[in-house]
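Okay, structure first, notes after.
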2 protein chains.
Amino acid sequence: MIHYSRDNMAELLRTHDINPTHQRIEIAYALFSRHEHLSADQVMTIVNDRHAETSKATVYNTLNLFLEKGLIREVIVDPSKVFYDPNTGPHHHLYEVDSGRLTDIAADDVRIEGLPALPKGMETVGIDLIVRVKRTA
Amino acid sequence: MIHYSRDNMAELLRTHDINPTHQRIEIAYALFSRHEHLSADQVMTIVNDRHAETSKATVYNTLNLFLEKGLIREVIVDPSKVFYDPNTGPHHHLYEVDSGRLTDIAADDVRIEGLPALPKGMETVGIDLIVRVKRTA
DNA sequence: TCTAGGATTTGGACTCTGTCTAACTCTACG
DNA sequence: CGTAGAGTTAGACAGAGTCCAAATCCTAGA
């Protein structure tokens, strides 16, 4: 198990062709040191909690940059906001609708079979499997 | 194949415990007569196109009411808006990321196997499978 | 028919997420 | 040092969706 440090983050950013600035390192660290799914808003709170200031614009810019560069993944389960997932490997999601808690489901044992052929001229970008659960009444 | 009329809609609403008002009938008709996935915005445009006026608040109220009553389903694929799906039977979705087009995948032949057991005290609300595709470059 | 009261609808203000822009800062390099 | 280009910033803005108090629409009963 790797221990994530801010230095690691600089490395990580460089390997993804991203110029490691202070803000970018802090944001990457926020995402990777926890293994959680965070919203832009949560990222901003975390980052501004310890280290000085990072603006909203930068948080969004940076998250979108990370996204483009394939460093993180977007998870769309909540109609009101996007979550960002530092785990880009294949896996699925469990979404607790009451609490908004989002957790991973390992892809290892899950098989999805029988999907129809794609329409001509189309290629798959990704397959999202979301299991929505709630507390039993 | 059923032909959807406004009268049918009144029936349909009643069977779902919804008091059929003018606005509700128009909104239901918009959704069920096309078999499409519509955003709240699109519903409003369609409804206000022919018949007089329905306010934004009513459109949202009504869609949420339909949702609660299990008349329609919510499809969350686009970070910026929710789609409403008149088809509540089991099926999956194909989402074209460039164009925003959303189409159904019949559930008949699709098998999802090996999902881990749910955490204790949780029950499944639904399983969403979304295949994201794009036009091949 | 008339009317009271609950259900429904409405406009408009408001919130929240996310984007845009133009100015500002930083840094690397000559 | 001085400057160009990348990065950051505040704040204005846009769009989806919610909220609320007031207006309107039924409908049952007199």
Side-chain angles (χ1 to χ4, degrees), chain A residues 6 9-10 13-14 16-31 37-48 51-69 71-85 97 100 102, chain B residues 6 9-10 13-14 16-31 37-48 51-69 71-85 97 100 102:
Chain A
R6 289 183 174 68
M9 290 303 104
L13 294 183
R14 273 189 215 96
H16 281 261
D17 224 359
I18 299 169
N19 192 357
T21 64
H22 289 310
Q23 290 87 338
R24 287 172 183 174
I25 288 172
E26 285 303 318
I27 291 171
Y29 185 67
L31 280 161
H37 307 81
L38 301 176
S39 66
D41 197 56
Q42 291 174 304
V43 169
M44 195 154 106
T45 304
I46 292 168
V47 167
N48 281 331
H51 226 252
E53 316 267 345
T54 302
S55 72
K56 186 169 59 143
T58 298
V59 171
Y60 280 100
N61 286 346
T62 301
L63 289 171
N64 286 327
L65 178 68
F66 287 3
L67 213 53
E68 266 173 46
K69 298 294 190 178
L71 191 60
I72 60 177
R73 187 209 271 202
E74 211 178 18
V75 185
I76 302 169
V77 286
D78 182 309
S80 74
K81 57 173 160 287
V82 172
F83 285 98
Y84 295 91
D85 188 348
V97 293
L102 182 61
Chain B
R6 289 184 173 69
M9 289 303 104
L13 295 183
R14 274 190 214 96
H16 282 259
D17 225 357
I18 298 168
N19 190 359
T21 65
H22 288 311
Q23 289 88 337
R24 289 172 182 174
I25 289 171
E26 283 304 318
I27 290 171
Y29 185 68
L31 280 161
H37 308 81
L38 301 176
S39 66
D41 198 57
Q42 291 174 304
V43 168
M44 195 155 103
T45 305
I46 293 169
V47 166
N48 282 331
H51 228 251
E53 316 269 344
T54 302
S55 73
K56 186 171 58 145
T58 298
V59 171
Y60 280 100
N61 286 345
T62 302
L63 289 172
N64 286 327
L65 178 68
F66 286 3
L67 214 51
E68 267 172 46
K69 299 293 189 179
L71 191 61
I72 61 178
R73 186 208 272 200
E74 212 177 18
V75 185
I76 302 170
V77 286
D78 182 309
S80 74
K81 57 173 160 287
V82 173
F83 286 98
Y84 296 91
D85 187 348
V97 293
L102 181 61

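Naming convention: chains lettered A, B, ... in sequence-line order (proteins, then strands); numbering from 1 in each chain. Values below: all heavy atoms of this structure, side chains included; hydrogens, waters and symmetry mates excluded.
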Whether A/T58 contacts D/dT8 is assessed here as follows: a side-chain N or O lying under 4.0 Å from the phosphate OP1 or OP2. Is that the case? no

Between P of D/dG17 and CG of B/L38, the distance in whole Å: 13 Å

Where do B/K81 and B/S39 come nearest, in terms of heavy atoms and distance? CD-CB, 3.6 Å

Go through it in stages, so that I can follow the logic: the residues are B/T62 and B/I18, the test is side chain to side chain contact (heavy atoms under 4.5 Å, CB included), and I'd like the CA-CA distance, side-chain angles, deciding distance and then a yes or no. CA-CA 10 Å; B/T62 302; B/I18 298 168; over 6 Å; no

Is any side-chain heavy atom of B/V59 less than 4.5 Å from a side-chain heavy atom of B/V47? no

Just the rounded figure in Å: distance from C1' of C/dT8 to CD of B/E26. 16 Å

Hey, are the side chains of A/R24 and A/L65 touching, using non-hydrogen atoms and a 4.5 Å cut-off? yes

Roughly, in whole Å, what's the span from CD in B/E68 to P in C/dT8? 12 Å

Donor-acceptor pair, side chain of A/N48 and main chain of A/T54, under 3.5 angstrom: yes

Closest approach of A/L13 to A/A28 (non-hydrogen atoms, all atoms of both residues): CD2-CB, 4.3 Å

Minimal heavy-atom distance between A/V82 and B/P79, with the atoms involved, is CG2-CB, 3.4 Å

Minimum heavy-atom distance between B/E26 and B/R6, given as atom pair plus value: OE2-NE, 2.6 Å

Can you give one letter per nucleotide of nucleotides 13-30 of chain C, going 5' to 3': B for a protein heavy atom under 4.0 Å from the base, S for sugar-phosphate only, - for none? B---SBBB----------

Considering non-hydrogen atoms only, spot the tightest contact between A/L38 and A/I46 and give its length. CD1-CD1, 3.7 Å

Protein and nucleotides 4-7 of chain D: nitrogen or oxygen contacts under 3.5 angstrom:
| from | atom 1 | to | atom 2 | distance (Å) |
| --- | --- | --- | --- | --- |
| D/dG7 | OP1 | A/N19 | ND2 | 3.2 |
| D/dG7 | OP1 | A/R24 | NH1 | 3.1 |

Using the rule given for side chain to side chain contact (heavy atoms under 4.5 Å, CB included), can you reason through B/V43 versus B/Y84, listing the C-alpha separation, both sets of side-chain angles and the distance that settles it, and then say yes or no? CA-CA 9 Å; B/V43 168; B/Y84 296 91; 5.6 Å; no

Angle between the two end axes of the helix from C/dT1-D/dA30 to C/dG30-D/dC1, five base pairs per end, rounded to 10 degrees? 10°

Which atom names give the shortest non-hydrogen contact between A/Q42 and A/H37, and what distance separates them? OE1-O, 3.9 Å

In whole Å, I'd like the distance from the CD1 atom of B/I25 to the P atom of D/dC25. 16 Å

